[in-house]
Structures are given as structure tokens and as C-alpha cells.
Amino acid sequence: MEYNFRNIEQKWQKTWDEKDTYKAEIDKDKPKYYVLDMFPYPSGAGLHVGHPLGYIASDIYSRYKRLNGYNVLHPMGYDAFGLPAEQYAIQTGQHPAITTDKNIKRYKEQLVKIGFSYDWDREIRTCDPDYYKWTQWVFIELFEHWFNKKTQKAEPIAELIKTFESEGNKDVDAACDETSLFTADEWKKKSEKQQQEILLNYRLAYLADTMVNWCAELGTVLANDEVKEGFSVRGGYPVVQKKMKQWSLRISAYAERLLNNLEKLEWTDSLKEIQRNWIGRSEGAEMKFKLKDSDLEMEIFTTRPDTSWGVTFMVLAPESELVPQVTTDEYKDKVDEYIKETKKRSERERLADAKTVSGQFTGGYAINPLTNQEIPIYISDYVLMGYGTGAIMAVPGHDSRDFKFARHFNLPIIQVVVKDGEEPTDPQTWDDSYDGKEGKMIHSGFINGLDVNEAIEKTIQHIEKEGIGNRKVNFRLRDAIFSRQRYWGEPFPVYFKDGIPYPVKKENLPLELPEVDAYLPTDKGEPPLGRAKDWHTEEGYPYELSTMPGFAGSSAYYLRYMDPHNNNALVSKEANEYWQDVDLYIGGTEHATGHLIYSRFWNKFLFDIGWVCKDEPFKKLINQGMIQGRSNFVYRVKGTNKFVSYNLRNEYEVTPIHADVNIVNNDILDTEAFKNWNPEYKDAEFILEDNKYVCGYAVEKMSKSLYNVVNPDDIIEQYGADTLRMYEMFLGPLEMSKPWDTNGIDGVHKFLRKFWRLFHDNDFNFSVSEDEPTEDELKILHKTIKKVTEDIERFSFNTSVSAFMICVNELTDLKCNKKAVLEPLAIILSPFAPHITEEIWSLCGNIGSITVADFPTYEEKYLVESSFEYPVSFNGKMRFKIKLPMDISAKDAEKQVLGHELAQKWIEGKTPRKVIFVPKKIINIVI
RNA sequence: GCCCAGAUGGCGGAAUUGGUAGACGCGCUGGACUUAAAAUCCAGUGGCCAUUAUGGCUGUGCGGGUUCAAGUCCCGCUCUGGGUACCA
């Protein structure tokens, strides 16, 4: 039979399904290996060829690990809550569950067709109540724990209450907002409501008034990672800052651990760097500046306490509570005016003209605790309320933002650091400040002459001794805002009694999403859940109206896969102890500051409370690159319906128009198909070159609107899944972005046909021989085993595809049809092309599946060569080659080379100055 | 602005530790088979020059450097992609 990929692929996909070939079960006799893909959001558009890239890579690795005797957990599921289904529901009235279910069916069909080795029994959907029961459970656990800074871990609120009852809160060092001190007696005297309000401040999931990112168009608040440059990542709508009472998760408590543990992860440096920047740790000091003629103090954070002698003004964030207190009557109107102006400006506008300096003097003064000088206090929006204390000491000589501000308001600039080897200069002549940390201190009292780093240390010691301040580490990482005023998400398992939130009892989970009559806010402006009937407890206490955000369901999904049907726990101890953590995680970098931080945080929390045995969820992580689209263009002559071919376009005035890549082949347009593509082009005329219409092209993002989307189903229909899998890998290194160009796919398809033909005679009868292989044949096989093994281990799948091609080309040349060579070849090819190899395996007479065969190990003995063909260079330029024995000595090699007739020409009668002989590499002669 | 990647033929890319640059594939050119086309097979294919066979020069974004030897290491730039955005 000829290679009939359609029959073969359907047949084996059916068999795998019927025989549960990819079912994973705990097997303590085998080492485990957990390979995870970032599960997709099932959008209405279905998968395009870019989506499965990472899935194919992880599938190859999973199959490779299985062949090497590992018990592989390789699951797939759906991140099924989300905005698009809800937006669609708002427009059409169709319940998002129905849309989502339909989309998931389509996704699954597409995924199955590619031949992935997923254990579909473990499929999860975040919108399934049996699944989100555990999302809600984790939320309650977060609610019932606080973060003890002394032990650096989460501890039960119940224990905290006991501490409060016995000794108050004076010795409690918690991650929380500042709280006033109370004794045990005072605690006991507080009302239930007062106590709960205090506890809320300690909980890891807490409700508080915070500045949130409000997106009016989406009608919801968003987390920091969901906002980019003042717009929502989803939809691109404007986002403004607003103070609202919202649920937040105290991820900032884990900042230090999230940062430190990055070191032990096998992630790419760039991804770790993104997380490091997002966490943003900075070391410095907090210092108190007394206000002039007042008992009040303003507290500032600085990383450069050494520059305290260079402070010439202070700046407060416009929102700071201190503003009214420092503002004098004289400046009140101007300050109010400035605050009003700032509030009007959106985040976006502020960012857009970050270069414009603005601010206002308050009339107030602070006293520099180190110099006792009076320092004027300004307000300006370049100081952010959300970071540090919302107040800074400005050192214009050594901070570029302060420098700009000083120049704008004509404030004095003092130099306190001199670069090594330089003399002090007049700051009036400077173009910018000197922000570097190399140099010596001047004009700085007792730290004069010290290096910056010594000076920082000495200053901190001084201020701590004098009680003016203390050492302090600050993080940029904010707590994660966890409420969404939307319908299609997990309901919070929380009800309110007297305005205080209480968790739903765990045995009553899941708290299921109620039906509503419309997916819109209520007339009162409440979230959609405000429309639900009976949305309250049996006792009549109202449930929370917000739902959880997208990252809720994805923060612990990798744990649920370990034990997806467990009704009594998120994951059983047994399953967790066996599968432990994800050994290999493949997905896009776009989740670096969202999902990948949140799930590390959830995992650490679950680790703290003893539910999971590993404190990091994803041991090794690879980022696959994006597959870009390759768009095609036709060129319409302006004002006509004529289209001119690419190389003639400069002779006319033309408008380039996107043409659907699916009607273009090797940049040649199918003109008939083009006429039928769009009624507008029905009567199109073409100006051809060489009788063809040649299209232009460009690499762009793959998108419907650019008509460059290629659907995997179409590729599978035409070439088969094995070809698609191998071609996606052949395109280039996994981590790099590259354009999809269907044109190259023929080569990979031809390879599979050639592979098929090795096992068949000229009449396509299956025919393999039992003869002993020759040395050459074994060398080809073992060379390939070696190369492919090494390549898979370092995730270099594109080069292994090349190695397979070389191998099949060479075996074809030798007309080799020996089973002893071809069968092992089929095994090493099976992770890449599972269907064709499964068929071959069965044709070879094997009973079981090729997926549980043994991956062959290469044997060095077949690769031993007796000679090596040395490239001979003269002054570094390769001139000719010479075959020499493997174990030749340098001396003999030199003699042989210099005696070679071709060498004479290059030596030109001179005496070579030097001969370099690198065994098995090169010979270089220096003339 | 800052941080991180990357730049190699017409195209995707290979060269794993400083050691033959361009593997493999696409495309293109020529040929075989065919009434023809498709499929398949064979040969050629970085550029320039010379062609009589052997050839020669040049070439990995640009400019320097280290080295017997540099796509690979060092210094200085340019461009492209990604992250971040007043974080004190």
C-alpha cells in the first residue's frame, strides 16, 4: 500500500482511545515524569497552526520519556472562564456555558487530530463546579491564614486569635497594613465586628479599600498584569485608578521567597529576569523628617541614604494624607488646583507625557535630620502613592528625575558624590545628574571621603542608632486584586453578616454560579450576580457579588491533574507525593508576570499549609516562540479593478491588499479562487508576469483580519498530522519566533513517504528482510540514534528532523530494508510521527503499541572510524582535505601534510613557521 | 529611558566546547520518465571573477581587537523583537 496517512491516522487515533494507550496511573515501580502544557482558553476561532507548537514539542518529549521507561503524566484541559464568552453572552443572550462547551468540543477535536498522547481521562475545565469547588477551597484557606514574617510562612488565623487572646498583637510580625497595638484584654473587649475587621487586615485573602485599576468598558477592576500602558490587555480599553473596596490576595508577603527561589528553577534567564523586575526588590532605608513648626513627621524611603546631604527639597505624592497638613494657607488654593489637575489626567496621559515636569510647592518645610536644614516640600505626580511611603527626599545631584524637577523649578543642586578620579564640578553646568554608585562622598559630614557603598552602610547604622530611621527592603510587587465585577467566573465562597465577610462552610462547596436574566450590571451598578435570585445563605445573608479573575482557575490546575476526580481533596496526599511537581512546563512568555507568579504563590501557600510536598510548582520551563503569519499581497491599480503582479507593480500606482494565504501557493495567486473569494473581486483582471500572478509577502501576526491564518485541520487534511507535527518542529528552534510558511511542508511530507517506502518494495508491498545489517547500515542507524537522543535532551527538535532526513536518505541510497535497522529507526521516530510509526510497528508483526517499546541506545562501537578526513588550512584558510589514520601522531601528520603535492603550492618554497595539529579537528599551517 | 533576546544565501534554518560557514528542507535552474501534467528520480544552486580540468577572490548586521584559527571571545555602534515604564 502507498502511504495513506488518512486511514492510518484515523485508525490509530481510534485504537489509542479505545485501549486507553495514554492513561497514566500511579505506578511506584516506575519513575514519574510530569509534562505540562499551558492549557488554552477555548476561543470561538479554534486553533491555528501557531497554537500547537509547544504542545507538539511537549508531546515529543512525553513520548520520548515513556520510551525510556518513565511513567509520564501528560494532561490537557481548558481555562474556560473568561471575558470573550461573556461578551458574546451580553450580545446574544446565550449562556456563556453553552458557548464555552461548544468551543471546547471543537478544541478537543482539533487536538485529537494532531495525535497528542494526552490522558484525556484527566481533562479539566475551570468552569466545571467539580473543579472550581477547589478554587473556592483554596480561597477559603487563604482567607483563614495570615503570613508570619518571623517564620516566613502562612499560619492559621485560628492560632493568631489565640495569640491575640493571650498576649495581644505586640509580638506579632505579620504581613499586613499598619495596625494599632492592643493587649489581650483590649482584644477581648472588642466586639465581634471589631475583631473581624482587625483580622481582615491579617488574612492572605482580604477585603480592603485599595487603589484599583478600573476599566469602565469591561465594567470591572483588573490586576496589574492585566493592564499595559494604561489599557486593558484584553480588549485594549482605558483603565483608570480608583479607590474601591475589593478582594485582594497578599502575594506581596511572598515577594522575598518568590524572588529567592527563582535561582533554583531551570527557567530561561530572560523569564527569571522579567519576574525579578516585576517583584522589584530594593534595599535602602526608611527615614523620618520632622516637619517645621509641628510635631508631625514625614517618612520617606530611599535606596541612597548616603546622599542625605544632597537633599534640597522633598516631594509628596498628590494623594498623600500629609498634603493638607503641610500645606500652608498661602498655597492651599494652588495645591488644591494641582491635585484637581492630576486627578483629571488619566494614567495613560500621565505616562504619555512622562517627560513633562509638573508639581507645586506646598509652603511647608521639613527638617533634614542629618543636616538640620529646612527643606521645602513639594507635591508632584512623579511620586507614586503606591510605592514606599508616597514621599521622597529629592537629591537632584544624583537622581535624574529629581534633577529634572529641580531644573524646572529652579531649585538648588548639590554634588555629594564625585566619580573616582574626577574633581567636583559646578552642578549648574550639568546636563544630567550622576546616578551611579561608584565614587566618593563630599560635602557629607561624617561620611566624607567614603565610597558610596560604605557610605550607605555607615549612614544606615547612624540613623538606626539615632532613631531617625531604619534599614528597609521594599518591593514593587503589589497585592493581587482578586475581584471582578463580571458574571463568567468563580463565585466567591463568602457571605456578609453586618458588613463583615464570612467564608462558606467547606462542606457546602461548590457555591455554584447562579442563573441571571442578563449578563450586565444591575441598575444600581452592582455586578451581574446582583441580578441572581436567592443569592444568599439559608439564613438570608447575602453572598459576594463579584467573581474571581481569570488567574484563579489556572493557579493550581497542575495539582488537580494529579488527581482530577477526587471529591474529598484538591489532590490526595498519595497522588501529590507520587507526581510531586511539573518536571517540564512549556508555554509562552506572555504569562511571565501573571499566571507564572500567581501559581508559584498559590503553590507556596499550599506548601506552607502542608497540602503539597514541593514549594515550587514548575521545575523546568521552556518558552516556545510565537508562530507569526506570512501574509500575501495583491496590488490593485488605483481606481480600477485590475491587479498587477508583484514585479510589475512599480509601473503603476497601486494599493497593496491582503489576499487570503489559502488561495496562494508559493506566492503564486490562484486567480480564479481570488475572484470567488470576495464578491468585490468577481470581475478582477490581472496583469501577469511569465503568465503568473506573483504576490508580495510580509511577516505579521497571525490574525483573521490579515487573512494569513492557517488552520491545522486543513494541513492535516492535505498532509496528515505526522507531517504537521514534524513540519512545526522543522521550522526552527522551539524558543524562537518564526513565520509560518506552508510552502516548505512538502519536504517533510516527502520524507515521511520516503520513510514509508523503505519498508515497501516497488509495488508497495510491505517487505522487510531479516538479514544481518552491514557495518555501514549500523553506522547510519547509530549515528542517528546518538544525534536524535542528544537533540531531544536539549529540546533541539528541528535538528533531529534533519537527522532523520539524512538517515532515511542514506538508507534509501543503500536500498536497506533490514528489520534490524528499520525497526529501531521507527522507535526513535515515533515521538515525532506517532501514527506512521505505530502502523509500521504493527506491520512488522509487533503486538503491543510502539509507545511502550524501548528507546534504543546507541553503541559507540558502530561509530568507530579508522581514519579522519582532515581539513588542511594555510594561515587559517581551508585549502584541501587529507585522509589520515585516527591515531596518527602530530609529527607524522605534519610530515604527511607537508609532503602532499597540493601543499607545495601554498608553501611556495618557504619554511612553514608553525604547524598546528588538532586531533580529529583540523591541521593549520602558518607560513 | 532601562533590562533581556536576536541579526548567517532568494526563504526557514545548521554549525553543541574557538577548528571545513551555509547541514537539512523550501524555492529556483537544467535533465530523465510521460502524448501531457502531477508524482518520482538525477544534477546544479551564497556572491564576484575566470572557465580548459584543476581554480581564484570574497563572504555570517557595521567598525575595531584578541588568536595559528572568530558566525562563535572582547570593545564600540546600528537595526529588529520582547519585557518594563517616573518603583525613589
Side-chain angles (χ1 to χ4, degrees), chain A residues 2 228-230 268-278 280-282 284 300-304 307 315 350-351 354-355 357 380-384 386-395 399-402 404-405 435 474-478 589-590 592-593 623 625-626 628 630 666-667 697 699 727 730-733 735-748 750-751 753-754 757 787 790-791 794 796 798-806 809 869-881 902 905 912-918 920-927:
Chain A
E2 274 198 68
K228 217 175 132 183
E229 294 179 357
T268 56
D269 289 337
S270 67
L271 187 63
K272 290 193 208 177
E273 198 59 28
I274 293 173
Q275 290 215 341
R276 268 186 214 114
N277 292 339
W278 188 259
R281 182 182 196 273
S282 50
I300 58 101
F301 173 72
T302 178
T303 55
R304 294 292 301 275
T307 59
V315 187
R350 276 186 53 193
L351 290 171
K355 285 178 200 97
V357 178
S380 172
D381 61 8
Y382 86 88
V383 174
L384 307 176
Y387 184 78
T389 59
I392 62 157
M393 62 178 209
V395 185
D399 181 287
S400 57
R401 294 153 305 177
D402 298 345
K404 285 197 194 87
F405 194 88
D435 298 4
N474 245 319
F475 292 93
R476 205 188 79 114
L477 184 71
R478 299 271 83 85
T589 354
E590 65 270 25
T593 53
N623 295 119
M626 282 221 302
Q628 296 144 316
R630 187 181 185 278
N666 280 326
D667 292 337
Y697 75 89
V699 172
Y727 185 55
F730 188 57
L731 236 32
E735 326 76 53
M736 285 215 306
S737 288
K738 57 240 155 184
W740 174 272
D741 183 356
T742 306
N743 292 331
I745 203 167
D746 280 335
V748 172
K750 261 186 226 167
F751 155 77
R753 283 213 303 264
K754 245 176 139 172
R757 229 174 293 129
K787 173 79 179 148
E790 286 169 359
D791 284 351
R794 62 191 177 101
S796 173
N798 55 328
T799 51
S800 28
V801 177
S802 300
F804 283 123
M805 287 174 170
I806 294 168
N809 288 345
E869 191 170 41
Y870 281 91
V872 181
S873 319
F874 290 82
N875 292 336
K877 282 187 179 137
M878 208 280 287
R879 296 302 179 182
F880 62 91
K881 288 176 189 172
L902 287 171
K905 180 173 165 189
R913 284 199 284 150
K914 203 171 176 186
V915 177
I916 285 128
F917 174 79
V918 186
K920 281 182 254 176
K921 285 273 157 77
I922 201 168
I923 298 163
N924 190 19
I925 295 147
V926 188
I927 304 294

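Here is the naming used below: chain letters follow the sequence lines, and residue numbers restart at 1 for every chain. Because the structure is predicted, anything quoted here is derived from the model rather than measured.
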For residues [X] and [Y], determine if any side-chain heavy atom of one lies less than 4.5 Å from a side-chain heavy atom of the other.
{"X": "A:Tyr387", "Y": "A:Ile392", "answer": "no"}
{"X": "A:Ser282", "Y": "A:Phe301", "answer": "yes"}
{"X": "A:Arg630", "Y": "A:Asp667", "answer": "yes"}
{"X": "A:Phe730", "Y": "A:Met805", "answer": "yes"}
{"X": "A:Lys754", "Y": "A:Arg757", "answer": "yes"}
{"X": "A:Met878", "Y": "A:Ile922", "answer": "no"}
{"X": "A:Arg304", "Y": "A:Asp435", "answer": "no"}
{"X": "A:Asp402", "Y": "A:Ser400", "answer": "no"}

Roughly how far apart, to the nearest Å, are [N] and [M] at atom [atom1]?
{"N": "B:U54", "M": "B:U60", "atom1": "P", "value": "26 Å"}
{"N": "B:C41", "M": "B:G25", "atom1": "P", "value": "11 Å"}
{"N": "B:G9", "M": "B:G46", "atom1": "P", "value": "13 Å"}
{"N": "B:G47", "M": "B:G10", "atom1": "P", "value": "7 Å"}
{"N": "B:A39", "M": "B:A53", "atom1": "C1'", "value": "38 Å"}

Query raised in the report: Taking the nucleotide of RNA chain B with the closest heavy atom to each, which residue, A:Thr589 or A:Pro871, is nearer the 5' end?
Result: A:Pro871
Requested in this report: Would you kindly compare A:Gln628 and A:Asp791 by the position of their nearest RNA chain B nucleotide and give the one closer to the 5′ end?
Outcome: A:Asp791
Applying a 4.0 Å non-hydrogen cut-off, can you work out what [X] is touching in the nucleic acid: base, sugar-phosphate, or nothing?
{"X": "A:Ser282", "value": "sugar-phosphate"}
{"X": "A:Val918", "value": "base"}
{"X": "A:Ile392", "value": "base"}
{"X": "A:Arg794", "value": "base"}
{"X": "A:Arg753", "value": "sugar-phosphate"}
{"X": "A:Leu731", "value": "sugar-phosphate"}
{"X": "A:Arg281", "value": "nothing"}

Consider the side chain of [X], meaning its heavy atoms from C-beta on, and name the nucleotide among [options] that approaches it most closely.
{"X": "A:Pro739", "options": "B:C24, B:A69, B:G12", "result": "B:G12"}
{"X": "A:Lys787", "options": "B:U16, B:G25, B:C3", "result": "B:U16"}
{"X": "A:Met878", "options": "B:C4, B:A21, B:G12", "result": "B:A21"}
{"X": "A:Asn798", "options": "B:A23, B:A14, B:G19", "result": "B:A14"}
{"X": "A:Arg757", "options": "B:G19, B:U40, B:C24", "result": "B:U40"}
{"X": "A:Phe730", "options": "B:C26, B:G13, B:G12", "result": "B:G12"}
{"X": "A:Ser270", "options": "B:C4, B:G13, B:A88", "result": "B:C4"}
{"X": "A:Met805", "options": "B:C24, B:G19, B:A15", "result": "B:C24"}
{"X": "A:Thr593", "options": "B:U84, B:A15, B:G19", "result": "B:U84"}
{"X": "A:Thr303", "options": "B:U84, B:G25, B:A88", "result": "B:A88"}

Query - Side-chain N,O (A:Lys750) to OP1/OP2 (B:C26) below 4.0 Å - result: yes
Query raised in the report: Taking only N and O in the side chain of A:Asn809, is any of them less than 4.0 Å away from OP1 or OP2 of B:G25?
Result: yes
Requested in this report: For B:G9, decide between syn and anti, treating a glycosidic angle within 90° of 0 as syn.
Outcome: syn
When the distance from [atom1] of [X] to [atom2] of [N] is rounded to whole Å, what number comes out?
{"X": "A:Ile274", "N": "B:G82", "atom1": "CD1", "atom2": "P", "result": "12 Å"}
{"X": "A:Lys877", "N": "B:A70", "atom1": "NZ", "atom2": "P", "result": "10 Å"}
{"X": "A:Lys754", "N": "B:U40", "atom1": "NZ", "atom2": "P", "result": "10 Å"}
{"X": "A:Lys404", "N": "B:A85", "atom1": "NZ", "atom2": "C1'", "result": "13 Å"}
{"X": "A:Asp741", "N": "B:G27", "atom1": "CG", "atom2": "P", "result": "10 Å"}
{"X": "A:Asp399", "N": "B:C2", "atom1": "CG", "atom2": "C1'", "result": "14 Å"}
{"X": "A:Asn875", "N": "B:A70", "atom1": "CG", "atom2": "P", "result": "11 Å"}
{"X": "A:Ile806", "N": "B:G25", "atom1": "CD1", "atom2": "P", "result": "7 Å"}

Requested in this report: Look at the side chain of A:Tyr870 and the backbone N and O of A:Lys921, then say whether any donor-acceptor pair between them is shorter than 3.5 Å.
Outcome: no
Query raised in the report: Taking atom types as modelled and ignoring hydrogens, do the side chains of A:Asn623 and A:Thr589 form a donor-acceptor contact shorter than 3.5 angstrom?
Result: no
Query - A:Tyr727: which of A:Val801, A:Thr742, A:Val748 passes side chain to side chain contact (heavy atoms under 4.5 Å, CB included) - result: A:Val748
Query raised in the report: Should we say atom CZ of A:Arg794 is surrounded by more than 12 heavy atoms from elsewhere, each under 6.0 Å from it?
Result: yes
Query raised in the report: Quick one: is the NZ or CZ of A:Arg476 closer than 6.0 Å to the six-membered ring centre of A:Trp278, and within 45° of its axis?
Result: yes
Query raised in the report: What would the secondary structure line of RNA chain B be in dot-bracket form, counting Watson-Crick and G-U wobble pairs under 3.5 Å, with [ ] for pairs that cross earlier ones and | for pairs with another strand?
Result: (((((((..(((......[....)))((((((.......))))))((((.....))))..(((((..]....))))))))))))....
Please write out each protein N/O paired with an N/O of nucleotides 52-54 of chain B under 3.5 Å, distance rounded to 0.1 Å.
none

